[in-house]
K.L.:
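This structure is in structure tokens; I'll ask about it shortly.
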Amino acid sequence: MTEVKATNVHWHDGEVSREDRNALLKQKGATLWFTGLSGSGKSTVAVALEKALMEKGHLCYRLDGDNIRLGINKNLGFSAEDRTENIRRIGEISKLFVDTGVIVLSSFVSPYRADRDIVRELHVAGDMDFIEVHVDVPLAVAEERDPKGLYKKARAGEIKNFTGIDDPYEAPLKPELVLNSHEQSLEEEVAVLLEMMTARGLI
């Protein structure tokens, strides 16, 4: 899916740099990539962090799995190939936001380590900050929460290729941060994230 088909295309530089945009916003653009099982609390913590950052005067934007699949990625399913393309596109979108100086909060199951590594490499190649946050809960906890009723459907065979049931979840080997939403309060998770972002000079 990532075959380059366009020819005779060239990058066009402008006269405003990423540093200029960062200075304008008084922050440093970066991608925080929240990964974990469905029901782990990725979107919940991203929503809370977005609100906390905005209250502190920081411009951020939240990319969420279902939201993206309702728009730019609505032509993709949940096969391994489609999941890879889904994450690749989101990685490129995240990069564009980071280049504008925006803090991106990307919440996606993104079950395959290789796909997340590709997104990391995209950022590293562009000298951009990529922070992998593993929202780590036991499968039993995620399945008990089951906010969308997806685990129940997967167990009944109504959904195929569902992560944690009949598709694997490959946990990050060296994430920048691990959150345990079954052991930490939402307020504690947000506080840890803000502390980490401050220490990294993003805010």
Side-chain angles (χ1 to χ4, degrees), residues 2 11 13-36 40-65 67-68 72-73 83-136 170-181 184 186 188-203:
T2 57
W11 184 265
D13 284 317
E15 295 185 4
V16 178
S17 70
R18 187 187 312 154
E19 290 72 22
D20 293 332
R21 291 186 283 267
N22 286 340
L24 177 68
L25 296 174
K26 298 180 175 60
Q27 63 184 39
K28 185 179 181 185
T31 293
L32 276 69
W33 190 276
F34 296 89
T35 177
S40 63
K42 302 179 301 298
S43 295
T44 300
V45 70
V47 165
L49 179 60
E50 180 181 38
K51 183 178 180 181
L53 286 168
M54 291 294 286
E55 288 174 349
K56 291 178 176 294
H58 294 292
L59 183 60
C60 52
Y61 193 80
R62 188 172 51 85
L63 299 174
D64 188 80
N67 294 357
I68 291 292
I72 195 168
N73 286 351
R83 284 181 184 272
T84 294
E85 176 62 9
N86 182 54
I87 297 305
R88 186 197 70 80
R89 291 183 193 177
I90 295 158
E92 294 286 1
I93 294 168
S94 297
K95 270 186 59 183
L96 290 174
F97 275 105
V98 173
D99 196 41
T100 68
V102 173
I103 296 166
V104 187
L105 310 178
S106 294
S107 304
F108 299 89
V109 174
S110 46
Y112 305 128
R113 199 173 293 129
D115 294 346
R116 298 192 304 269
D117 287 345
I118 287 172
V119 178
R120 180 185 292 276
E121 289 163 10
L122 282 172
H123 284 70
V124 170
D127 193 26
M128 298 175 175
D129 286 276
F130 178 83
I131 300 164
E132 190 173 34
V133 181
H134 184 197
V135 185
D136 186 18
E170 299 172 356
L173 298 177
K174 295 181 179 179
E176 279 72 17
L177 185 65
V178 177
L179 298 175
N180 303 108
S181 65
Q184 297 170 282
L186 186 57
E188 289 171 336
E189 291 180 291
V190 170
V192 168
L193 286 160
L194 290 174
E195 181 180 356
M196 178 267 295
M197 295 176 73
T198 301
R200 287 175 169 267
L202 303 181
I203 58 175

K.L.:
Look up atom CG in L59 and atom NZ in K26, then write down how far apart they are to the nearest 0.5 Å.
P.N.:
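Atom-to-atom, L59:CG and K26:NZ are 12.5 Å apart.
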
K.L.:
Return yes if some donor-acceptor pair links the side-chain N/O of D20 with the main-chain N/O of S17 below 3.5 Å, else return no.
P.N.:
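Yes: the side chain of D20 pairs with the backbone of S17.
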
K.L.:
Would R18 and M128 satisfy side-chain contact (heavy atoms from CB on, under 4.5 Å), going step by step from the backbone distance to the final call?
P.N.:
CA-CA 10 Å; R18 187 187 312 154; M128 298 175 175; 3.3 Å; yes

K.L.:
Is atom CD1 of I72 surrounded by more than 12 heavy atoms (other residues, nucleotides or ligands) closer than 6.0 Å?
P.N.:
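For I72, atom CD1 is not crowded (no more than 12 foreign heavy atoms under 6.0 Å).
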
K.L.:
Taking K42 for its side chain and G36 for its backbone only, find out whether a donor-acceptor pair lies under 3.5 Å.
P.N.:
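Yes, K42 side chain to G36 backbone: donor-acceptor pair under 3.5 Å.
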
K.L.:
Report the distance from atom CD of E55 to atom CD of E50, rounding to the nearest 0.5 Å.
P.N.:
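The distance works out to 11.0 Å.
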
K.L.:
Less than 4.5 Å apart, any side-chain heavy atom of T44 and any of V135?
P.N.:
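No. Closest side-chain heavy atoms not under 4.5 Å.
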
K.L.:
Report yes if the side chains of L32 and I103 come closer than 4.5 Å at any heavy-atom pair, otherwise no.
P.N.:
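In short, these two side chains touch, coming nearer than 4.5 Å.
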
K.L.:
Could you go step by step and tell me if T35 and S110 meet the side chain to side chain donor-acceptor pair (under 3.5 Å) rule?
P.N.:
CA-CA 6 Å; T35 177; S110 46; 3.2 Å; yes

K.L.:
Once you round to the nearest 0.5 Å, how far does CD of E170 lie from CG of L173?
P.N.:
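Separation between the atoms: 9.0 Å.
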
K.L.:
Between S106 and L63, is there a donor-acceptor pair closer than 3.5 Å when you use the side chain of the first and the backbone of the second?
P.N.:
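No: the side chain of S106 does not pair with the backbone of L63.
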
K.L.:
Are the side chains of F34 and L49 in contact, using a 4.5 Å heavy-atom criterion?
P.N.:
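Yes. Closest side-chain heavy atoms under 4.5 Å.
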
K.L.:
Looking only at non-hydrogen atoms, find the nearest pair between N22 and G101 and report the distance.
P.N.:
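Heavy-atom minimum between the residues: OD1-CA, 3.2 Å.
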
K.L.:
Ignoring hydrogens and angles, tell me if any N or O in the side chain of R83 forms a donor-acceptor pair with the backbone of P111 under 3.5 Å.
P.N.:
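Flag not set: sc R83 to bb P111 has no pair under 3.5 Å.
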
K.L.:
Look at R88 together with E85 and state whether they make a salt bridge at an N to O cut-off of under 4.0 Å.
P.N.:
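Yes.
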
K.L.:
Give, for atom CD of E92 and atom CD1 of I90, the distance between the pair rounded to the nearest 0.5 Å.
P.N.:
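If I round to the nearest 0.5 Å, the distance is 11.5 Å.
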
K.L.:
Which heavy-atom pair separates R116 from A171 by the least distance, and what is that distance?
P.N.:
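Shortest heavy-atom separation between R116 and A171 comes out as NH2-C, 3.5 Å.
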
K.L.:
In terms of ring plane angle, is the pair F130 and H123 parallel, tilted or perpendicular, where the classes change at 30° and 60°?
P.N.:
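Correct class here is tilted.
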
K.L.:
How far apart are the closest heavy atoms of A46 and S107, and which atoms are they?
P.N.:
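A46 and S107 have their closest heavy atoms at CB-OG, 3.2 Å.
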
K.L.:
Do R113 and E132 meet the salt-bridge criterion of a basic N to acidic O distance under 4.0 Å?
P.N.:
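R113 and E132: not salt-bridged.
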
K.L.:
Below 4.5 Å, heavy atoms only, C-beta onward: do W33 and I87 meet side chain to side chain?
P.N.:
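They are in contact (side-chain heavy atoms under 4.5 Å apart), so the answer is yes.
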
K.L.:
Could you go through the side-chain contact (heavy atoms from CB on, under 4.5 Å) check for L179 and L193 one step at a time?
P.N.:
CA-CA 9 Å; L179 298 175; L193 286 160; 4.0 Å; yes

K.L.:
Please tell me whether T84 and D115 have a donor and an acceptor in their side chains that are separated by less than 3.5 angstrom.
P.N.:
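Looking only at side-chain atoms, D115 and T84 do form a donor-acceptor pair, the distance falling under 3.5 Å.
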
K.L.:
Could you report the tightest heavy-atom contact between A30 and V98, atom names first, then the distance?
P.N.:
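Minimum heavy-atom separation between A30 and V98: C-CG2, 3.5 Å.
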
K.L.:
Could you measure the distance from the CD1 atom of I68 to the CG atom of N73? Nearest 0.5 Å is fine.
P.N.:
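Result: 6.5 Å between the selected atoms.
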
K.L.:
Is there a side-chain contact between L202 and I131, using heavy atoms and a 4.5 Å cut-off?
P.N.:
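A side-chain contact exists here, since the closest heavy-atom pair is under 4.5 Å.
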
K.L.:
Any chance you could measure T198, atom OG1, to K56, atom NZ, to the nearest 0.5 Å?
P.N.:
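It is 7.0 Å, given to the nearest 0.5 Å.
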
K.L.:
Determine whether a donor-acceptor pair (N or O, by modelled atom type, separation under 3.5 Å) exists between the side chain of N180 and the backbone of D136.
P.N.:
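Yes, N180 side chain to D136 backbone: donor-acceptor pair under 3.5 Å.
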
K.L.:
For Q184 versus V192, what's the shortest heavy-atom pair and its separation?
P.N.:
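For Q184 and V192, the tightest heavy-atom pair comes out as NE2-CG2, 4.2 Å.
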
K.L.:
side-chain contact (heavy atoms from CB on, under 4.5 Å), that's the test. Do L53 and Q27 meet it? Break it down for me.
P.N.:
CA-CA 11 Å; L53 286 168; Q27 63 184 39; over 6 Å; no

K.L.:
Under 4.5 Å between any side-chain heavy atoms of K95 and V104, yes or no?
P.N.:
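No, side chains not in contact.
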
K.L.:
If every non-hydrogen atom of R21 is compared with every non-hydrogen atom of D99, which pair is closest and at what distance?
P.N.:
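For R21 versus D99, the nearest heavy atoms are NE-O, 2.7 Å.
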
